[in-house]
Amino acid sequence: MIDLFQPPKNRLPSYSTVRRALLHVDYEDYSVCLSKFFNVQPNTGETVGLDGKVLKGS
């Protein structure tokens, strides 16, 4: 990953930094971008599970 992104100081951001950045993401805009990228047309009210717990049903 470090070779791909070439971050300053040669290290990746911490969990807290990534979390703070993601808290400011507009999830509706993000879902539109993902739908376009993957060429998926979700149904109204449909959700997408992002972790294994949803898929497993726990």
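Residues take their numbers from the sequence shown, with the count starting at 1.
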What residues, two or more places apart in sequence or in another chain, satisfy side-chain contact (heavy atoms from CB on, under 4.5 Å) together with [X]?
{"X": "L22", "answer": "V18, V25"}
{"X": "Y15", "answer": "R19"}
{"X": "D29", "answer": "D26"}
{"X": "V32", "answer": "K36"}

Can you list everything that forms a side chain to side chain donor-acceptor pair (under 3.5 Å) with T17? Sequence neighbours excluded, please.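 T17 satisfies side chain to side chain donor-acceptor pair (under 3.5 Å) with S14, R20 only.
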